[in-house]
Novice: 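Structure incoming, see below.
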Amino acid sequence: MTQLTTEMTADLTTAPTAGAPSAPTGHGGRIGFAELPGLMGLMTGDEKHGPAATSTLDALWVLYDRVLRVSPDTASDPGRDRFLLSKGHGPMAYYAVLAAKGFFPVAWLPGFGSYDSPLGHHPDRLLVPGAEIGSGSLGHGLPLAVGTTLGLRAQGRPEPAVWVLIGDAELDEGSNHEALAYAAAAGLERLHTLVIDNSSATHGWRGGIASRFETAGWSAVTVDGRDHEALEAAFGAPHPGRPHAVVARVEPKDA
């Protein structure tokens, strides 16, 4: 299996998919936010989860472009920031951002979901450079982020920040509520949760999603999930002694 994965990765690194549309590039060959929809357009076959993907696009870009201390060169550095994608169904925006930032070649994108592609419909951390966890089954990301933060604390590494992106519908899962209650009680200051709210939750929360985190002892803020300046400010808000949640509201999934 290891040999197969190595050979597959080597092939994809050097050769674009036959007949694939050309990948967009920004000024000077750099890929910016304006080119991301074009990169997402290279991936087909999971249109069902298109809204799940596009709902995360702005927040993911701001994180990787302005906030996270991680790059292709530091992806295995113990001191890097960690980003965990819990909302792993419909990962097209995630793959587009990783490709734009150079974690893997843009030439991989047209092969999305094919048998011999490392880019599956759910990310696999053993195949996708830059991915910290395998995800897609709802409700696992926040508990894993709590464990990651505790692990870094136990190793005596106070610098790395841990970020996890979850969908609002994941708050239907009881595992998340156990995790967010524990995180506040343990004072996990280096833990950050980004909730993409596209009105998918079954029940919702009286007073809004942020109130659920605040009740448990978190710092929390709600922002426009398409406003890059507001997202950056929310991501960098001080929260001494407490974990931090950013609720990014976007258009409803069925709009």
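All heavy atoms count here, side chains included; hydrogens, waters and symmetry mates do not. It should be emphasised that the depicted structure is a prediction, and the values quoted were computed from it without experimental measurement.
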Novice: Without swapping roles, check the side chain of Ser117 against the backbone of Ser114 for a donor-acceptor pair under 3.5 Å.
Specialist: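 No: the side chain of Ser117 does not pair with the backbone of Ser114.
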Novice: Taking atom CG of Leu36 and atom CG of Leu60, what is their separation to the nearest 0.5 Å?
Specialist: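 Spacing of CG (Leu36) from CG (Leu60) equals 9.5 Å.
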Novice: Taking Ser135 for the side chain and Leu85 for the main chain, is one N or O donor matched with an acceptor at less than 3.5 Å?
Specialist: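 Indeed, once roles are kept as given, a pair shorter than 3.5 Å links the two residues.
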Novice: For the backbone of Ala234 and the side chain of His244, can you confirm whether one donor and one acceptor N or O come within less than 3.5 Å of each other?
Specialist: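 It does hold such a pair.
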Novice: Check whether any side-chain heavy atom of Pro91 lies under 4.5 Å from a side-chain heavy atom of Phe112, and answer yes or no.
Specialist: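 Touching, per the 4.5 Å side-chain cut-off.
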Novice: A side-chain contact here means heavy atoms from C-beta on lying under 4.5 Å apart; do Leu63 and Val97 qualify?
Specialist: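 No - every pair of side-chain heavy atoms lies 4.5 Å or more apart.
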Novice: CG/Leu109 to OH/Tyr95 distance, rounded to the nearest 0.5 angstrom?
Specialist: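 Between Leu109 CG and Tyr95 OH, I get 10.0 Å after rounding to 0.5 Å.
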Novice: Are more than 12 heavy atoms from other residues, nucleotides or ligands located less than 6.0 Å from atom CZ of Phe33?
Specialist: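 Enclosed: over 12 neighbouring heavy atoms sit under 6.0 Å from CZ of Phe33.
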Novice: Can you list everything that forms a side-chain contact (heavy atoms from CB on, under 4.5 Å) with Leu84? Sequence neighbours excluded, please.
Specialist: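 Arg82, Glu132, Ile133, Leu144, Ala145, Thr148, Val162, Val164.
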Novice: Which atoms form the tightest heavy-atom contact between Ser76 and Arg80, and what is the distance?
Specialist: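 Closest approach of Ser76 to Arg80: C-NH1, 3.8 Å.
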Novice: At what distance, to the nearest 0.5 angstrom, does CG of Leu171 lie from CG of Asn176?
Specialist: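 Reported to 0.5 Å precision, the distance equals 5.5 Å.
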Novice: Give me each pair satisfying salt bridge (Lys or Arg N to Asp or Glu O under 4.0 Å) with a member in residues 173-191, each pair once, sequence neighbours excluded.
Specialist: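 Listed once each, the pairs would be none.
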Novice: Output the distance between atom CZ (Arg212) and atom CG (Asp168), rounded to the nearest 0.5 Å.
Specialist: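 Reported value, rounded in 0.5 Å steps: 14.5 Å.
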Novice: Can you establish whether the number of heavy atoms outside Arg66 located under 6.0 Å from its atom CZ is more than 12?
Specialist: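 Yes, because the 6.0 Å sphere around CZ of Arg66 holds more than 12 heavy atoms from other groups.
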Novice: Ignoring hydrogens and angles, tell me if any N or O in the side chain of Asn198 forms a donor-acceptor pair with the backbone of Val250 under 3.5 Å.
Specialist: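 It does not hold such a pair.
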Novice: For a quick test of reading the model, state the closest non-hydrogen atom pair linking Leu127 to Trp108 and the distance between them.
Specialist: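 Taking every non-hydrogen atom into account, O-CZ3, 4.2 Å.
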Novice: Could you measure the distance from the CH2 atom of Trp163 to the OG1 atom of Thr149? Nearest 0.5 Å is fine.
Specialist: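 Trp163 CH2 to Thr149 OG1: 11.5 Å, rounded to 0.5 Å.
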